[in-house]
Amino acid sequence: GFDPSPKQKPTKRERDDEDILPLCMHLCTNVPVWFFIISSVWFVRWEEERATDGSKWRFLEHKGPVFALPYEPLPLHVRFFCDGKQIKLSPPAEEVATFFAKMLDHEYTTKDIFRKNFFKDWRKEMTPEEKSKITDLNKCNFNEMSEHFKAQSEARKQMSKDEKLKIKEENERILQEYGFCLMDNHKERIGNFRIEPPGLFRGRGDHPKMGMLKRRIRPEDIIINCSKDSKHPKPPAGTRWKELRHDNKVTWLVSWTENIQGSIKYIMLNPSSRIKGEKDWQKYETARRLKKCVERLRTQYRDDWKSKEMRIRQRAVALYFIDKLALRAGNEKEEGETADTVGCCSLRVEHINLYPKMDDQEYVVEFDFLGKDSIRYYNKIPVEKRAFKNLQLFLENKQPEDDLFDRLNTSILNKHLQELMDGLTAKVFRTYNASITLQQQLKALTSPDDNLPGKILSYNRANRAVAVLCNHQRAPPKTFEKSMQNLQTKIDDKQKQLATSRKQLKTSKADHKASHDEKSKKAVETKRKTVQRIEEQLMNLQMQATDREENKQIALGTSKLNYLDPRISVAWCKKWEISIEKVYNKTQREKFAWAIDMAEDDFEF
DNA sequence: TTTAAGACTTGGGGACAGGTGG
DNA sequence: CCACCTGTCCCCAAGTCTTAAA
């Protein structure tokens with residue numbers, strides 16, 4: 001079911017370069033299918049073939065990365081003091097010092113670990129003389145540096161329109177030159193073509209490595225990936241790449257090894273690209289396949305709660321949590337390398353409490369742990385009796401710091417899931433439960449009688465239900481109270497306005513009753529319309545306030561971008577004749593172009 | 001089989017641009 | 001026109017899962 005009518009064709013996508021296929025070709029609009037699978041070979045509608053040998057592309061050409069600006073030494077009047085004495089720092093030591101100076105206002109520069117890590121790495125950049133003079137961070141005075149940077153950023157804000165425009169144009173030029181690549185026949189936007197500048201590592205939560213120096217990346221650190229028959233990116237004059245390779249089994253264009261965790265960083269394509277879009281689509285198709293067999297799997301894990309084998313019971317209870325609570329898998333992490341956070345399989349005894357009875361509920365489990373990004377997961381939830389009994393069993397003879405599921409890890413769990421359904425892993429449950437929840441909530445909350453703002457509120461509420469399920473929290477925005485107050489003021493004003501209008505309506509009605517002439521009749525009509533308009537405006541403001549209030553600590557973006565099958569939203573928009581812009585902003589529309597073209601109003605996840 | 005490396009997705013926060021209302 | 005506010009985009013960290021190596 002695809003409507004090829006030209007009205008749907010997004011015109012903005014037609015401005016791409018003429019000499020290559022426009023971006024939209026692979027997301028195209030005037031053909032009855034997106035793409036489909038025949039014996040595991042993918043065909044795109046114009047017969048562009050997806051290989052089966054694991055290769056991701058045939059041709060790849062790009063300009064390489066944009067490096068961070070080189071360090072510019074401080075002007076001489078900006079001084080640094082240690083123990084009251086001025087020291088002129090060598091450029092390498094000075095550069096690292098400026099990283100610290102720029103962070104002076106942040107709370108974390110007061111943290112012991114941060115200071116210790118920073119000082120250790122800073123000393124590595126010092127000359128022997130500096131090393132002997134600077135032995136205690138507490139005696140270091142970075143104030144002039146800090147003031148200097150504050151003044152600098154103030155000056156940037158005060159720049160003239162012309163200067164700002166110049167910078168903007170330069171950025172645009174760099175984007176045009178480095179921000180795109182040619183992959184097979186498409187010009188594609190690159191995601192992050194700028195190399196991360198050096199600085200002090202922060203990390204999230206209680207990170208043992210906070211404050212360490214994230215070193216500058218040079219061309220000699222860079223691995224370039226492109227096709228042999230492309231024009232290879234040139235390293236900056238006088239330098240060379242670490243390696244030039246031609247690996248079409250991967251999607252990245254540039255990589256380097258970062259020095260904090262020793263992990264590899266990549267430059268890849270933007271989410272709007274064919275290669276990301278197809279992968280995204282595939283992810284949701286896997287989740288839809290789970291939908292078809294999820295009841296079978298649920299029966300199975302409930303059955304496994306009765307198994308003779310401990311490992312199977314643990315596996316089954318963990319899977320129950322992942323399914324019911326949308327927990328992450330929980331890979332093991334190396335101790336001391338990262339903040340202490342857990343997911344399902346890595347839960348420890350100290351992270352749960354069991355209450356056979358709590359208030360009017362039975363078999364309540366209380367979860368309290370730090371998950372990804374050290375975001376707290378707190379939940380009190382009744383579970384099925386047999387799961388509860390199993391948990392009691394798993395806790396026997398254990399210390400708080402022991403693993404709850406000591407016979408289980410993510411690889412065991414995923415191996416099991418793979419046997420239950422092709423392509424099934426723990427995170428598919430999160431995708432599935434998020435998407436199905438959105439679909440159900442939209443169905444339950446959208447009322448045909450609601451006006452547009454009302455429907456949008458319903459959409460956001462459905463989205464919110466998912467964000468809550470996935471525990472996507474945010475710190476309340478710093479300006480939250482203020483902006484709430486502003487909105488309330490607007491509402492109060494509107495209410496006053498409404499009262500006035502109503503009074504005027506009443507008066508004009510009385511006038512009309514008295515005179516019965518044509519002019520007064522018209523006046524009544526006008527007033528009636530005004531009252532109606534103001535009522536509507538008031539309602540919209542109130543709706544906005546409700547939405548904002550409910551959203552105080554909830555982040556909708558992550559679920560929208562990563563968990564919700566966009567076709568559900570597109571279908572909802574079509575069904576209620578709401579323009580897609582009300583639900584997706586420009587970036588999101590670009591990412592979900594495939595779904596916007598594909599989904600009809602009757603799409604079922 | 002276990003561990004480490006590699007590849008790719010998911011995550012919150014903040015800078016900044018651009019719109020809005022006074 | 002300016003100050004302020006809001007939404008967007010960038011930043012880059014931190015997960016998941018696969019693949020390669022020991």
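Note that the coordinates shown come from a computational prediction; the quantities given were computed from them, not determined experimentally. The figures that follow rest on heavy atoms only: side chains count, while hydrogens, waters and symmetry mates do not. Proteins come first, then strands; the chains are lettered A, B, ... in the order of their sequence lines, and each starts at number 1.
Rounded to a whole Å, the CD atom of A:E337 is 13 Å from the P atom of C:dG15. C:dT16 atom P lies 16 Å from atom NZ of A:K279, rounded to whole Å. Rounded to an integer number of Å, the gap from A:K591 NZ to C:dC10 C1' is 15 Å. Here C:dC11 presents its C1' atom at 13 Å from CE of A:M103, a figure rounded to the nearest Å. With rounding to whole Å, A:F429 atom CZ is found 15 Å from C:dT16 atom P. Between the CE atom of A:M268 and the C1' atom of C:dC12 there is a distance of 13 Å, rounded to whole Å. Per the geometry, NZ belonging to A:K283 stands 18 Å off P belonging to C:dG15, to the nearest Å. The NZ-P distance, from A:K333 to C:dA14, rounds to 8 Å in whole Å.
For the helix from B:dT1-C:dA22 to B:dG22-C:dC1, the terminal axes (five pairs an end, C1' atoms, rotation from four pairs onto the next four) enclose an angle of 10°, given to 10 degrees.
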*List the steps, then state whether side chain to side chain donor-acceptor pair (under 3.5 Å) holds for A:D323 with A:Y301.*
CA-CA 10 Å; A:D323 182 25; A:Y301 66 62; 2.7 Å; yes

*May I have the step-by-step check of side chain to side chain donor-acceptor pair (under 3.5 Å) for A:T286 and A:Y432, ending in yes or no?*
CA-CA 9 Å; A:T286 306; A:Y432 159 71; over 6 Å; no

*Report the C-alpha distance between A:R464 and A:N551 in whole Å, list the side-chain angles of each, state the deciding distance to 0.1 Å, and finish with yes or no for side chain to side chain donor-acceptor pair (under 3.5 Å).*
CA-CA 8 Å; A:R464 207 134 49 224; A:N551 221 34; 3.1 Å; yes

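Checking A:V250 against A:H106, the closest nucleotide of DNA chain B that is more toward the 5' end is the one next to A:V250. Position along DNA chain B of the nearest nucleotide to A:N471 versus A:N171 favours A:N471 as the more 5'-ward residue. Between A:D373 and A:Q588, the residue anchored closer to the 5' end of DNA chain C is A:Q588, taking for each the nucleotide with the nearest heavy atom.
Using modelled atom types, one finds a donor on one side chain and an acceptor on the other under 3.5 Å when comparing A:Q176 with A:E172. A donor-acceptor contact closer than 3.5 angstrom is absent between the side chains of A:D206 and A:S374. Under the 3.5 Å distance criterion, with hydrogens and angles disregarded, no donor-acceptor pair is assigned to the side chains of A:T251 and A:K279.
Both cation-pi conditions hold for A:K102 and A:F149: the charged atom is under 6.0 angstrom from the six-membered ring centre and inside a 45 degree cone around its axis. For the pair A:R376 and A:F369, the cation-pi criterion (under 6.0 Å, within 45° of the ring axis) is not fulfilled. With A:F180 as the aromatic partner, A:K187 meets the cation-pi criteria of under 6.0 angstrom to the ring centre and within 45 degrees of the ring axis.
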_I need a per-nucleotide contact map over nucleotides 17-22 of chain C, read 5' to 3'. Cutoff is protein heavy atoms under 4.0 Å; write B for the base, S for backbone only, - otherwise._
B-----

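When heavy atoms are screened at a 4.0 angstrom cut-off, A:T338 is found touching no nucleic acid atom at all. Within the nucleic acid shown, A:I375 comes within 4.0 Å of sugar-phosphate atoms alone, with no base atom in reach, counting heavy atoms only. Using a 4.0 Å heavy-atom distance criterion, A:A475 is classed as a sugar-phosphate-only contact. Among the protein residues, A:Y266 comes within range of the nucleic acid bases, having at least one heavy atom under 4.0 Å from a base atom. Note on A:E258: nothing from the nucleic acid sits closer than 4.0 angstrom, heavy atoms only. Using a 4.0 Å heavy-atom criterion, one finds that A:K157 contacts no nucleic acid atom at all. A:K168 comes within contact range of the sugar-phosphate backbone alone, with a heavy-atom separation under 4.0 Å but no base atom that close. Backbone-only contact: A:G330 has heavy atoms under 4.0 Å from sugar-phosphate atoms and none from a base.
Proximity of the aromatic rings of A:H207 and A:F114 is defined here by a centroid distance below 6.0 angstrom, and this criterion is not met. Taking the six-membered ring wherever Trp is involved, the centroid distance between the rings of A:F100 and A:F118 falls below 6.0 Å. The aromatic ring centres of A:F592 and A:Y584 sit less than 6.0 Å apart. A ring-centre distance under 6.0 Å is not found for A:H62 and A:Y178.
Heavy-atom contacts of chain A under 4.0 Å fall on DNA chain B between two terminal nucleotides, which in 5' to 3' order are B:dG6 to B:dG18.
In this structure, the separation between CZ on A:R289 and CG on A:D422 is 5.5 Å, given to the nearest 0.5 Å. If you take CG on A:L561 and CG on A:L556, they are separated by 11.5 Å, rounding to the nearest 0.5 Å.
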Return the polar atom pairs (N/O with N/O) between nucleotides 5-7 of chain C and the protein under 3.5 Å, or none.
from	atom 1	to	atom 2	distance (Å)
C:dC5	OP1	A:K482	NZ	2.3
C:dT6	OP1	A:R548	NH1	3.3

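A 6.0 Å sphere centred on CD of A:E335 holds no more than 12 heavy atoms belonging to other residues, nucleotides or ligands. The local environment of CD in A:E170 is crowded, with over 12 non-hydrogen atoms from other residues, nucleotides or ligands closer than 6.0 Å.
Of the residues in residues 192-209 of chain A, those placing a heavy atom less than 4.0 Å from an atom of DNA chain B are A:R204, in numerical order.
Among residues at least two apart or in separate chains, side-chain hydrogen bond (donor to acceptor under 3.5 Å, both in side chains) pairs with a member in residues 404-414 of chain A are A:Q314-A:D406, A:N331-A:T410, A:K398-A:D406.
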